[in-house]
Engineer: 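Sharing a structure, written as structure tokens. Questions coming.
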Amino acid sequence: MNTWFECKVRYEKIDEHTGKSIKVNAPYLIDAVSYTEAEKRIHEEMQKYISGEFSVKGIKPVNYSELFFYDDGQFWYKCKVVFVSLDDDGEKEKKVANWMLVMADNVKEAYERIEESMKGRTVDYTIHSVVESNILDVFPYNLEEATEELDGKSKAFKED
């Protein structure tokens, strides 16, 4: 299960219309196991994209149950999906809200992509809302890279 952190990053960029330098506070989503790792990872990721100085102004955990990546999507949409199940006695309906992110070009496409992603699931659900998110980019944890790093450390550790 992923733990997502929203990181607010402040930096300067050139406005495309005016050509002037403007300060931007942009939210990014990063997968990490702690605040410390989230800060380390967002610094590593931002250094790849921002040539000047930047600072991390805030880190907060966010509760997204699933993310759906699509290469052709331009924006991230935050979707509230409510699952309906019966309680242990089978008498009362129990509703559980989940927040999901999906990449799409517009609200309609985001809704359709959530529907497509939910096909084949046996639980009843309803999509309560689809809203464009202000998240600029998402950086999932690269498991293969972490495994290689861990293997390298464990090998070096065993040799000593």
Side-chain angles (χ1 to χ4, degrees), residues 1-11 13 15-16 22-50 54-150:
M1 180 176 197
N2 300 53
T3 304
W4 296 101
F5 290 87
E6 184 179 296
C7 302
K8 296 269 184 172
V9 180
R10 184 178 178 96
Y11 57 92
K13 76 174 198 171
D15 187 301
E16 296 172 2
I22 57 172
K23 290 188 179 183
V24 177
N25 284 314
Y28 295 89
L29 200 63
I30 196 143
D31 187 14
V33 295
S34 67
Y35 285 91
T36 305
E37 184 188 16
E39 184 173 14
K40 176 182 177 268
R41 292 198 61 228
I42 197 65
H43 274 278
E44 291 170 354
E45 293 295 340
M46 291 295 98
Q47 286 174 346
K48 296 175 189 174
Y49 301 106
I50 300 173
F54 65 90
S55 61
V56 177
K57 291 297 181 182
I59 299 174
K60 67 177 181 179
V62 287
N63 191 18
Y64 293 115
S65 60
E66 293 187 62
L67 274 70
F68 302 105
F69 295 85
Y70 287 86
D71 291 335
D72 61 343
Q74 187 176 4
F75 305 104
W76 285 100
Y77 287 86
K78 184 177 179 178
C79 307
K80 183 179 181 181
V81 179
V82 177
F83 293 100
V84 180
S85 62
L86 295 176
D87 66 0
D88 294 337
D89 299 332
E91 295 176 9
K92 283 189 174 182
E93 276 191 353
K94 181 178 171 183
K95 294 182 179 182
V96 179
N98 285 281
W99 291 98
M100 301 177 182
L101 279 181
V102 62
M103 265 189 124
D105 290 327
N106 55 55
V107 172
K108 181 179 182 229
E109 185 178 55
Y111 185 92
E112 290 168 352
R113 287 184 171 178
I114 287 291
E115 285 274 303
E116 176 187 321
S117 300
M118 299 299 288
K119 279 186 181 172
R121 299 195 185 188
T122 57
V123 66
D124 291 335
Y125 69 92
T126 54
I127 300 172
H128 279 235
S129 69
V130 178
V131 179
E132 185 178 338
S133 142
N134 58 355
I135 293 171
L136 293 185
D137 207 352
V138 173
F139 302 105
Y141 193 67
N142 186 341
L143 191 57
E144 292 175 3
E145 189 177 292
T147 305
E148 288 174 15
E149 201 175 294
L150 184 62

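The figures here come from the full heavy-atom set of this structure, side chains too, leaving out hydrogens, waters and symmetry mates.
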Engineer: Evaluate the side-chain contact (heavy atoms from CB on, under 4.5 Å) criterion for residues Arg10 and Val24: first the C-alpha distance (whole Å), next the side-chain angles of each, then the deciding distance (0.1 Å), finally the verdict.
Structural biologist: CA-CA 5 Å; Arg10 184 178 178 96; Val24 177; over 6 Å; no
Engineer: Take Leu67 and Met100 through the test side-chain contact (heavy atoms from CB on, under 4.5 Å) and record every step on the way to the result.
Structural biologist: CA-CA 6 Å; Leu67 274 70; Met100 301 177 182; over 6 Å; no
Engineer: Applying side chain to side chain contact (heavy atoms under 4.5 Å, CB included), can you list everything that pairs with Lys92, at least two apart in sequence or on another chain?
Structural biologist: Asp87
Engineer: If you round to the nearest 0.5 Å, how far is OG of Ser34 from CD1 of Ile59?
Structural biologist: 9.0 Å
Engineer: Hey, is CD on Glu93 packed in by over 12 heavy atoms from elsewhere, all under 6.0 Å?
Structural biologist: no
Engineer: Looking only at atom types and distance, does a side-chain atom of Asp31 sit under 3.5 Å from a main-chain N or O of Trp4, one as donor and one as acceptor?
Structural biologist: no
Engineer: Measure the spacing between CZ of Phe139 and CD1 of Ile30 and express it to the nearest 0.5 Å.
Structural biologist: 6.5 Å
Engineer: Salt bridge or not for Lys108 and Glu112, using N-O below 4.0 Å?
Structural biologist: yes
Engineer: Please name the pair of heavy atoms, one in Gly73 and one in Met103, separated by the smallest distance, quoted to 0.1 Å.
Structural biologist: O-CE, 3.3 Å
Engineer: Would you say the side-chain atoms of Glu109 pair up with the backbone N or O of Asp105, donor to acceptor, closer than 3.5 Å?
Structural biologist: yes
Engineer: Salt bridge or not for Glu66 and Arg121, using N-O below 4.0 Å?
Structural biologist: yes
Engineer: Taking C-beta and beyond as the side chain, do Tyr125 and Glu115 meet within less than 4.5 Å on heavy atoms?
Structural biologist: yes
Engineer: In plain terms, say whether Glu44 and Arg41 are close enough for a salt bridge, that is, a side-chain N and a carboxylate O under 4.0 Å apart.
Structural biologist: no
Engineer: Answer yes or no: is there an ion pair linking Arg113 with Asp72, defined by an N-O contact shorter than 4.0 Å?
Structural biologist: yes
Engineer: What is the distance from atom NE2 of His43 to atom CD1 of Ile50, rounded to the nearest 0.5 Å?
Structural biologist: 10.5 Å
Engineer: Could you tell me which non-hydrogen atom of Cys7 sits nearest to which non-hydrogen atom of Ala38, and how far apart they are?
Structural biologist: SG-O, 4.4 Å
Engineer: As an exercise, state the distance from NZ of Lys8 to CG of Asn134, rounded to the nearest 0.5 Å.
Structural biologist: 5.5 Å
Engineer: Rounded to the nearest 0.5 Å, what separates atom CG in Asp15 from atom NZ in Lys13?
Structural biologist: 7.5 Å
Engineer: Which is it for Asp124 and Phe83 under the side-chain contact (heavy atoms from CB on, under 4.5 Å) test, yes or no, and what are the steps along the way?
Structural biologist: CA-CA 6 Å; Asp124 291 335; Phe83 293 100; over 6 Å; no
Engineer: Could you walk me through whether Tyr28 and Met46 pass the side-chain contact (heavy atoms from CB on, under 4.5 Å) check?
Structural biologist: CA-CA 10 Å; Tyr28 295 89; Met46 291 295 98; 3.8 Å; yes
Engineer: Between the side chain of Ser133 and the main-chain N/O of Ile135, is any donor-acceptor distance below 3.5 Å?
Structural biologist: yes
Engineer: Between Trp76 and Phe69, does the ring centroid distance fall short of 6.0 Å?
Structural biologist: yes
